[in-house]
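A quick write-up on the structure given underneath.
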Protein chains: 2
Amino acid sequence: MYTETAMLRLGAPLRASERAYRQLRGEILNGLLAPGAALLEVEQAERIGVSRTPLREAVARLIADGLVVGRRGRGFEVTDISVDSISELYELRQALEVQAIRLAATRREPAPFQELRDAFVTAPDLLEQGDIGVHRYYVLIDELEDAIDAAVENPFLVGALRAVRTHLARIRRLARSNPRRLRAAAAEHLLIIDAIIAGDPSLAAHATHIHLHQSLLSVLAAIEEDSER
Amino acid sequence: MYTETAMLRLGAPLRASERAYRQLRGEILNGLLAPGAALLEVEQAERIGVSRTPLREAVARLIADGLVVGRRGRGFEVTDISVDSISELYELRQALEVQAIRLAATRREPAPFQELRDAFVTAPDLLEQGDIGVHRYYVLIDELEDAIDAAVENPFLVGALRAVRTHLARIRRLARSNPRRLRAAAAEHLLIIDAIIAGDPSLAAHATHIHLHQSLLSVLAAIEEDSER
DNA sequence: ATTGCGGTTTCTGTATACACAAAAGTGATC
DNA sequence: GATCACTTTTGTGTATACAGAAACCGCAAT
């Protein structure tokens, strides 16, 4: 029956290892599995509902992602995020994003960025609308990142960026940005987009450098603030 | 992205998955397993002398390293190296090495670089001595890279650099550099080292940029030459 | 009270068996 | 001779069983 094969392809019974990977990754990124949390194979395998073999494969991928480390004797644990590691991550991020933006401004196809420009112009309004607006703003940023990735056309660079963004997702969680910072960030993004549209790699690179500098300062300040309470 | 440093005690027999990983990785890097070569689980497991489970783990790590890709229908194959991918890799490498050198020049502890400087001054002599000298020269470069990694003190950045160097090892194999290029490269390295010792991040960064530009040109020329024969 | 030791338990590392899907081979029919 | 259905083979995905090692716990000795 053709419906059967179709269902097998589309209805997508994901492989168990893939399911385990996505679930664990998601739980780590949204903080459900906190830094330092122990991952025991049998325990996690039962919880997720797969056997140990696919679970091990999932954990191996998480280790490669840098989200999990094997610990000496027993099991694995979720990597923790220190203030130092945030600064270090941003040193890598600076290098990658500046290069990516530079390439995007060089090879740009302006159309998608024109659309994004329009969206970012109205971003400050969005940020007046509370949590829903903030969420929409983050979606916008995702779209910008996707557009940049597409414009860069470099699997190596995009891959490295993806890895960095994985860690950033965790950092954002523990240092929620304030509205003022988000408005400033929107303006910075707008400048970057304009530089890409204008085909000015140097301007785009400098604007990105500044943006990331401010972003790091804001993150560190937010964490400082949190830890004082 | 750095791979698990493995919890192996000295003297302890290596885990089967680790053995499989190292052997396959080595064979891919030195060209024994050529780009495009198929990796069948059962076949490779028998050859290496481990069962399928650890072999799968090894392959998963190779995929994370970007040395192997899962292919359409069946099995896995060694990733191939196109001219395009070399240029792309160098775009990433530029970003990482420039940032690394910049940081090394900022945080430098001059001592190890002083020693390396002395060694690089005599590098041209080394290159007169045929293959043995060339090999020694490559060892010198490894030491320079190690010194930079240590000076950078950034696991994220160093991890990304390691990944890039993995791919570079394969590229070097298929584009052996000529002695003239190596002599020029030695001079370029000397300039970079001097900039680090002088604590001049900007000079070091620019010198690195130039060096990588020349390096890419040389690699592409060598490949062009080879393919014409 | 603390520390050293041995048994117990738990967990990982590895092998293997089974199930299911895809490709290749085979034969029959037109 | 070509094409299509069916069988066989091959290979992956998953579960599970087994072995060895590390942590835990209680007991005893100082």
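We name chains A, B, ... by the order of the sequence lines, and we start the count at 1 in each one.
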Under 30°, 30 to 60°, or over 60°: which ring-plane class applies to B:H189 and B:F120, parallel, tilted or perpendicular?
tilted

Can a side chain N or O of A:S17 be found less than 4.0 Å away from OP1 or OP2 on D:dG13?
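False: A:S17 side-chain N/O out of range (4.0 Å or more) of D:dG13 OP1/OP2.
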
Is it true that A:R47 and A:E27 make a salt bridge, defined as a side-chain N closer than 4.0 Å to a carboxylate O?
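Answer for the salt bridge query: yes.
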
To the nearest Å, how far apart are [X] [atom1] and [N] [atom2]?
X	N	atom1	atom2	result
B:E77	D:dG11	CD	P	15 Å
A:R56	C:dC11	CZ	P	14 Å
B:E41	D:dT9	CD	C1'	17 Å
A:Y21	D:dG13	OH	C1'	19 Å
A:E57	D:dA15	CD	C1'	14 Å
B:Q44	D:dT12	CD	C1'	15 Å
A:I48	D:dT14	CD1	C1'	15 Å
A:E46	C:dT10	CD	C1'	13 Å

Looking at every non-hydrogen atom in both residues, tell me the closest pair between B:E43 and B:A38 and how far apart they are.
OE2-O, 4.4 Å

Go through the N and O atoms of the side chain of A:R52 and the base of C:dG13, and report whether any donor-acceptor pair is under 3.5 Å.
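Answer is yes: a donor-acceptor pair is held.
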
Toward the 5' end of DNA chain D, which comes first, B:T53 or B:L39, by nearest nucleotide?
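Nearer the 5' end of the strand: B:L39.
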
Give the intermediate values and the outcome of side chain to side chain donor-acceptor pair (under 3.5 Å) for residues B:R61 and B:S17.
CA-CA 10 Å; B:R61 286 173 69 185; B:S17 64; 5.4 Å; no

Looking at the side chain of A:L40, which of C:dT14, D:dA15, C:dT12 is the nearest nucleotide?
C:dT12

